[in-house]
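Have a look at the structure below, then the notes.
Both ligands and their constituent atoms are indexed starting at 1 by order of listing. Note that the numbering runs from 1 along the sequence shown for the chain. Keep in mind that this is a model prediction, so the values were computed, not measured.
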Amino acid sequence: MANEQILKVWIEPGCIVCDACQTTCPEVFEVQAESCVIRPEALVAEFLRDKTDAIRLAAEECPVEVIRFETGPAQG
Ligand code: SF4
């Protein structure tokens, strides 16, 4: 929903280390040698809220669809 913001994001097993998510949203995703990880600062809901659009796009672009997220009502 348009008035929902992302509060939590994680990566399921199966990342193929394609770099797409880091290119789309480098504040949240960091591609390492064998998998992509969520940056430590991006484990906080308040950090994620205003990056909702970029995270949604990254999830759509992930070729193996392993980027998952939870949303909640928008604030602020
Ligand atoms: S877009 Fe998907 S497959 Fe590619 S690095 Fe990110 S999580 Fe891994």
query: If you count the non-hydrogen atoms of other residues, nucleotides and ligands that lie under 6.0 Å from CD in Q32, is the total more than 12?
result: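 Yes - once you tally the heavy atoms of other residues, nucleotides and ligands closer than 6.0 Å, there are more than 12.
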- prompt: Does CD in E12 sit with more than 12 non-hydrogen atoms of other residues, nucleotides or ligands closer than 6.0 Å?
  reply: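 Yes, because the 6.0 Å sphere around CD of E12 holds more than 12 heavy atoms from other groups.
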task: Answer yes or no: is there a side-chain heavy-atom contact under 4.5 Å between I55 and F29?
output: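 Side chain of I55 against side chain of F29, heavy atoms only: contact under 4.5 Å found.
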field: Test item: L48 and V9 side chains (from C-beta on) under 4.5 Å apart, heavy atoms
entry: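 Yes - at least one pair of side-chain heavy atoms lies under 4.5 Å apart.
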Whether Q22 side chain and V31 backbone form a donor-acceptor pair below 3.5 Å: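 Yes; at least one donor-acceptor contact below 3.5 Å.
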field: Residue and atom, protein N/O/S, under 2.8 Å of atom 4 (Fe) of ligand 1
entry: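 Protein N/O/S atoms under 2.8 Å of atom 4 (Fe) of ligand 1: C18 SG.
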query: So, E61 versus T24: side-chain donor-acceptor pair below 3.5 Å or not?
result: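 Note: E61 and T24 side chains meet the donor-acceptor criterion.
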